[in-house]
Q: 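Quick one: the structure is below, and I'll ask about it shortly.
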Amino acid sequence: MRVEIWSDIACPWCYIGKARFEKGLAEFAHRDEVEIVHRSFELDPGRAKGDTAPVIDTLAEKYGRTREEAAAMEANVAASARSEGLGYRTEGRDHGSTFDIHRLLHLAKARGRQDELLTLAYRANFAEERSVFDDEVLLALAVEAGLDAGEARAVLADPGAYADEVRTDEREAAELGANAVPFFVLDRRYGISGGQPSEVFVQALEQAWKDRPDTGPTAVGGDAAACDADGVCEVRGS
């Protein structure tokens with residue numbers, strides 16, 4: 001079985017959803033026969049490289065809230081992350097273009113280190129004092145994930161490297177009707193949107209394992225918190 005996951009490093013519900021999916025996968029009897037493929041989705045595709053702003057300011061602007069209200073929103077998301085055992089800083093994080101991160105993730109996919117790099121990038125962005133919008137931080141993360149430093153640096157230096165792969169992922173997301181992330185597709189048969197509870201993923205994995213006619217992605221699990229294509233992330237208690 002193949003599970004494709006469209007996500008963005010800037011999306012807190014992608015960070016949380018990855019942890020919840022992995023908990024569900026751990027309970028799935030055929031987990032060793034599941035191939036995980038991470039796909040690219042940019043919440044802010046028009047943002048220029050180097051154009052960064054504090055997350056709290058970005059939230060306040062997008063939602064039309066005060067900084068205090070935006071900080072409260074972040075605190076609610078942080079509580080959900082911490083309930084999954086994830087670190088989450090509510091202050092000092094930046095928001096910016098994730099295009100270079102996605103390009104590096106495609107290099108990591110080609111080298112069999114995609115999940116390792118994604119995990120490190122999420123942790124750096126949400127839990128650590130490291131900006132994923134800095135090339136030197138990205139290079140360090142790539143090396144930590146097991147990639148060659150020279151190869152990773154060459155990708156970062158060439159804006160065209162793996163750019164087509166990123167855009168192909170994004171086109172596929174649109175074709176599948178995904179306008180928010182995280183978005184999980186199981187064998188191109190079932191689709192799950194948002195950071196669902198782990199038991200929803202267990203149910204979906206078990207259903208997808210059965211040999212049913214392929215009629216295109218079918219929604220499983222109802223609505224859940226997600227981040228949409230405009231970069232707006234729902235805030236829920238869990």
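For the numbers below, each heavy atom of this structure counts, side chains included, while hydrogens, waters and symmetry mates do not.
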Q: Shared ILVMFWY cluster between Phe28 and Val202, side chains joined below 4.5 angstrom?
A: no
Q: Is it true that a side-chain atom of Glu84 and a backbone atom of Ala81 form a donor plus acceptor pair closer than 3.5 Å?
A: no
Q: Thr52 versus His95: any side-chain heavy-atom pair under 4.5 Å?
A: no
Q: Applying side chain to side chain contact (heavy atoms under 4.5 Å, CB included) between Ile101 and each of Leu156, Leu141, Leu138, report the one that passes.
A: Leu138
Q: Once rounded to the nearest 0.5 Å, what's the spacing between atom CG of Asp187 and atom CE of Met1?
A: 5.5 Å
Q: May I ask you to list the residues sharing a hydrophobic cluster with Val166, side-chain cutoff 4.5 Å, ordered by chain and number?
A: Phe99
Q: Is there a donor-acceptor pair closer than 3.5 Å between any side-chain N or O of Asn125 and the backbone N or O of Val132?
A: no
Q: With the threshold set at 4.0 Å, does a side-chain nitrogen-carboxylate oxygen contact exist between Arg113 and Glu144?
A: no
Q: Could you give the distance from SG (Cys14) to OH (Tyr122), rounded to the nearest 0.5 Å?
A: 4.5 Å
Q: Would a 4.5 Å heavy-atom cut-off, applied to side chains only, mark His102 and Thr98 as touching?
A: yes
Q: By the definition salt bridge (Lys or Arg N to Asp or Glu O under 4.0 Å), identify the one residue from Arg65, Arg93, Arg67 that meets it with Glu74.
A: Arg93
Q: A cation-pi test, strictly: NZ or CZ of Arg167 under 6.0 Å from the centre of the six-membered ring of Tyr162 and no more than 45 degrees from its axis. Yes or no?
A: no
Q: Should we count CD of Glu199 as having more than 12 external heavy atoms under 6.0 Å?
A: yes
Q: Taking side chain as C-beta onward, heavy atoms only, is Trp6 less than 4.5 Å from Leu176?
A: yes
Q: For Arg111, run the side-chain hydrogen bond (donor to acceptor under 3.5 Å, both in side chains) check against Glu151, Glu116, His106 and tell me which one passes.
A: Glu151
Q: Do Val37 and Lys109 have side chains that get closer than 4.5 Å, going by heavy atoms?
A: yes
Q: Is any side-chain heavy atom of Leu118 closer than 4.5 Å to a side-chain heavy atom of Gln114?
A: no
Q: Is the shortest distance from a Lys or Arg side-chain nitrogen in Glu129 or Arg89 to a carboxylate oxygen in the other one below 4.0 Å?
A: yes
Q: Using modelled atom types only, decide if a donor and an acceptor are shared between the side chain of Arg39 and the backbone of Ala173 within a distance under 3.5 Å.
A: no
Q: Within the structure provided, determine whether Gln196 and Phe201 are in side-chain contact (heavy-atom separation under 4.5 Å).
A: yes
Q: May I have the step-by-step check of side-chain contact (heavy atoms from CB on, under 4.5 Å) for Arg123 and Leu120, ending in yes or no?
A: CA-CA 5 Å; Arg123 186 184 305 157; Leu120 288 168; 3.9 Å; yes
Q: Side chains of Phe184 and Lys18: does their closest heavy-atom pair fall under 4.5 Å?
A: no
Q: Could you tell me whether Glu27 and Lys23 have a side-chain N and a carboxylate O separated by less than 4.0 Å?
A: no
Q: Is a salt bridge present between Asp158 and Arg153, judged by a nitrogen-to-oxygen distance below 4.0 Å?
A: no
Q: Check whether any side-chain heavy atom of Val55 lies under 4.5 Å from a side-chain heavy atom of Leu59, and answer yes or no.
A: yes
Q: Can you tell whether the side chains of Asp44 and Lys62 come within less than 4.0 Å, N to carboxylate O?
A: no
